[in-house]
Amino acid sequence: MWIWTNIACILLQAQSQVNPDYQLQTIDPDSDFEACGAADLDNDGDLDIVCGDAWYESPDWKRHPIGLIRNVGGYRVDFADLPLDVDDDGYMDIVSCSWHDRGIFWRRNPGPALEPAPWKMTVLDQPGNMETAILSDVDADGTLDVLPNVIGRTVWYELSDGELIRHVVSEDRGGHGIGLGDVNGDGRPDLLGPEGWFEAPGDPLTMPWKHHAEWDLGAAGISIIVHDFDRDGLNDVFWGMGHDYGLNWLRQTRDETGSRAWERRVVDDSWSQAHGLVLADIDDDGHPEVVTGKRRHAHNGKDPGGNDPLIICSYGFDVERGMFKRTVLARGGQVGAGHYPVVIDIDGDDDLDIVLPGKSGLHLLRRRSRSGPGAVDSDP
């Protein structure tokens, strides 16, 4: 079995063109889960990977089962794998959500033994159909909250005393795509959706969030990113089309009255189904890039470009040219981005690696040492 698995890994990697700055490692070619997370699950000081029904022990990525997760119509009922110590026992648990069950739930890390499976699952809430969820500090208190992408509502969950407490921003606004960032420059993180943004109040726990219907993004990926890409002092918005072609940005400007205005521009319309987007400085130049990639069969191949080759890219802004520059990290083969890739220094060598789940396997793009060979494979 070991021989055939390794042969399969070699064949899959041979089909993928990988940027020479990265080394491709297939963690599990048979995984069809579209979410993942990275955390020290066994408290040994190394980061492990969790993906769906299993966690993978660093450094050899030995697979350990967590519990069965059913398949509904080609989708695993596991749309996020967020490491969070829910019960405050010193061991990282896994918070998840689902489209089909409309639920937020968590799986309890059993602690020192780690082997008993299944990990106990507890359903916390059922706010509605969810595409995925991300960890973000919504209330700016220095601790991470759970921010799900709920269709038809906007809610977030604060961890307190072993519970995830729901806070409702809107009972009737919410669509495909969500993000967090300071849109108006007041120092508070706002909530973004496909139909506009919610302005964070002075007290996000008790005061209402004002909605600004300033754009229509369509079925956006997650997260919708807020960052001052052109360095003009105004934060811009970057998003991908989750079920169509295109990555786009809204450049924030001011009109003749000083009011906020937006210029919509296409970044890249050559590939489709960009679901997960992460802002991270992966080339260590002091300015973050958008890391994203194609999700495999987001609607089982029925979306525009649904059967096109997979691709993983980063997008950094070239201030002199006033446009984004694309760097292809992987192209073709089985390496996709799933619901949400994880960008993290997985091996502790002071650079950022990329964990990539999806219906075509669980993969790791490990950043090579900067002293080694290789040139960046870029194109405009």
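All residue numbers in this chain count up from 1 along the given sequence.
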Would you give the length of the straight line joining atom [atom1] of [X] to atom [atom2] of [Y], rounded to the nearest 0.5 angstrom?
X: T122; Y: K120; atom1: OG1; atom2: NZ; answer: 5.0 Å
X: D232; Y: R254; atom1: CG; atom2: CZ; answer: 9.0 Å
X: T132; Y: W99; atom1: OG1; atom2: CH2; answer: 12.0 Å
X: L41; Y: S58; atom1: CG; atom2: OG; answer: 10.5 Å
X: W249; Y: W239; atom1: CH2; atom2: CH2; answer: 11.0 Å
X: Y56; Y: W61; atom1: OH; atom2: CH2; answer: 11.5 Å

Would you check if there is a donor-acceptor pair between the side chains of [Y] and [X] at a distance under 3.5 Å?
X: T26; Y: D28; result: no
X: E214; Y: W262; result: yes
X: D303; Y: Q273; result: yes

Lys/Arg-Asp/Glu bridge criterion (N-O < 4.0 Å) met for [X], [Y]:
X: D268; Y: R326; answer: yes
X: R366; Y: D347; answer: yes
X: R166; Y: D125; answer: yes
X: D60; Y: K62; answer: no
X: R295; Y: E131; answer: yes
X: R76; Y: E34; answer: no
X: D350; Y: R367; answer: no

Closest contact, heavy atoms only, [X] versus [Y]:
X: G332; Y: P309; result: CA-CB, 4.5 Å
X: P83; Y: A39; result: CB-CB, 3.5 Å
X: Y75; Y: H299; result: OH-CA, 3.2 Å
X: G276; Y: T292; result: O-OG1, 2.7 Å
X: G67; Y: P118; result: CA-CB, 3.7 Å
X: G52; Y: D81; result: N-OD2, 2.9 Å

Run through D88, D87, D93 and flag the one making a salt bridge (Lys or Arg N to Asp or Glu O under 4.0 Å) with R108.
->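 Answer to the salt bridge (Lys or Arg N to Asp or Glu O under 4.0 Å) test with R108 among D88, D87, D93: D87.
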
Flag side-chain contact, heavy atom, 4.5 Å: [X] against [Y]:
X: W215; Y: I224; answer: no
X: V319; Y: F229; answer: no
X: L365; Y: D353; answer: no
X: L364; Y: L356; answer: no

Please state whether the rings of H243 and H275 are parallel, tilted or perpendicular, taking 30° and 60° as the class boundaries.
->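 H243 and H275: perpendicular rings.
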
Can you label the angle between the H64 ring and the W55 ring as parallel, tilted or perpendicular, going by 30° and 60°?
->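 Rings of H64 and W55: parallel, as their planes differ by under 30°.
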
Treat each ILVMFWY residue as a node, draw an edge where side-chain heavy atoms are under 4.5 Å apart, and state whether [X] and [Y] are in one component.
X: L310; Y: L24; result: no
X: V237; Y: V278; result: no
X: L250; Y: V226; result: yes
X: F33; Y: V355; result: no
X: L217; Y: M241; result: yes

Please confirm whether the backbone N or O of [Y] pairs with a side-chain atom of [X], one donor and one acceptor, at under 3.5 Å?
X: D236; Y: Q252; answer: yes
X: N43; Y: G90; answer: yes
X: H363; Y: S360; answer: yes
X: N149; Y: A133; answer: no
X: S170; Y: D172; answer: yes
X: N19; Y: V328; answer: yes
X: D53; Y: L68; answer: no
X: S96; Y: D78; answer: no
X: D228; Y: G233; answer: yes
X: Q126; Y: D101; answer: yes

Could you check E263 against R251 for salt bridge (charged side-chain N to carboxylate O under 4.0 Å, His left out), going step by step and ending with a plain yes or no?
-> CA-CA 5 Å; E263 297 176 356; R251 179 175 179 266; 3.5 Å; yes

Working for salt bridge (charged side-chain N to carboxylate O under 4.0 Å, His left out), residues R260 and D255 = CA-CA 7 Å; R260 191 171 42 252; D255 63 20; over 6 Å; no

Co-members of the apolar cluster containing F105 [side chain, <4.5 Å] |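 So far as hydrophobic clustering goes, F105 is joined with M121, V123.
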
Taking the hydrophobic residues Ile, Leu, Val, Met, Phe, Trp and Tyr, and joining any pair whose side-chain heavy atoms are under 4.5 Å apart, which ones share a cluster with V86?
->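 Grouped by the 4.5 Å side-chain rule, L82, L84, V95, I104, W106, L124, M130, L135, L144, V146, V150, V155, Y157, L159, L164, V168 form the rest of the cluster around V86.
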
Are F324 and F238 close enough, and set up right, to give a ring-ring contact (aromatic ring centres under 6.0 Å, His included), and what steps lead you there?
-> CA-CA 11 Å; F324 283 89; F238 188 111; 5.2 Å; yes

So does E195 have more than 12 non-hydrogen atoms from other groups sitting under 6.0 Å from CD?
->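 Open.
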
Residues that N307 engages under side chain to side chain donor-acceptor pair (under 3.5 Å), provided they are two or more places apart =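 In terms of side chain to side chain donor-acceptor pair (under 3.5 Å), with neighbours along the sequence ignored, N307 is linked to H297.
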
Identify, with sequence neighbours excluded, every residue that meets side chain to side chain donor-acceptor pair (under 3.5 Å) alongside N235.
->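 Testing N235 for side chain to side chain donor-acceptor pair (under 3.5 Å), a comparison that skips the adjacent residues, returns none.
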
What residues form a salt bridge (charged side-chain N to carboxylate O under 4.0 Å, His left out) with D141, not counting sequence neighbours?
->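 Listed in chain order: nothing, the list is empty.
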
Take R63 and D30 through the salt bridge (charged side-chain N to carboxylate O under 4.0 Å, His left out) test and state the conclusion after the steps.
-> CA-CA 12 Å; R63 186 182 187 277; D30 299 321; over 6 Å; no

Can D244 and S272 be said to form a side chain to side chain donor-acceptor pair (under 3.5 Å), step by step?
-> CA-CA 5 Å; D244 208 334; S272 69; over 6 Å; no

Only counting residues at least two apart or in another chain, list the ones meeting side chain to side chain contact (heavy atoms under 4.5 Å, CB included) with D216.
->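 With sequence neighbours excluded, D216 shows a side chain to side chain contact (heavy atoms under 4.5 Å, CB included) to no residue whatsoever.
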
Sole residue of K210, H212, R173 in side-chain contact (heavy atoms from CB on, under 4.5 Å) with F198 =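 Among K210, H212, R173, the one meeting side-chain contact (heavy atoms from CB on, under 4.5 Å) with F198 is R173.
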
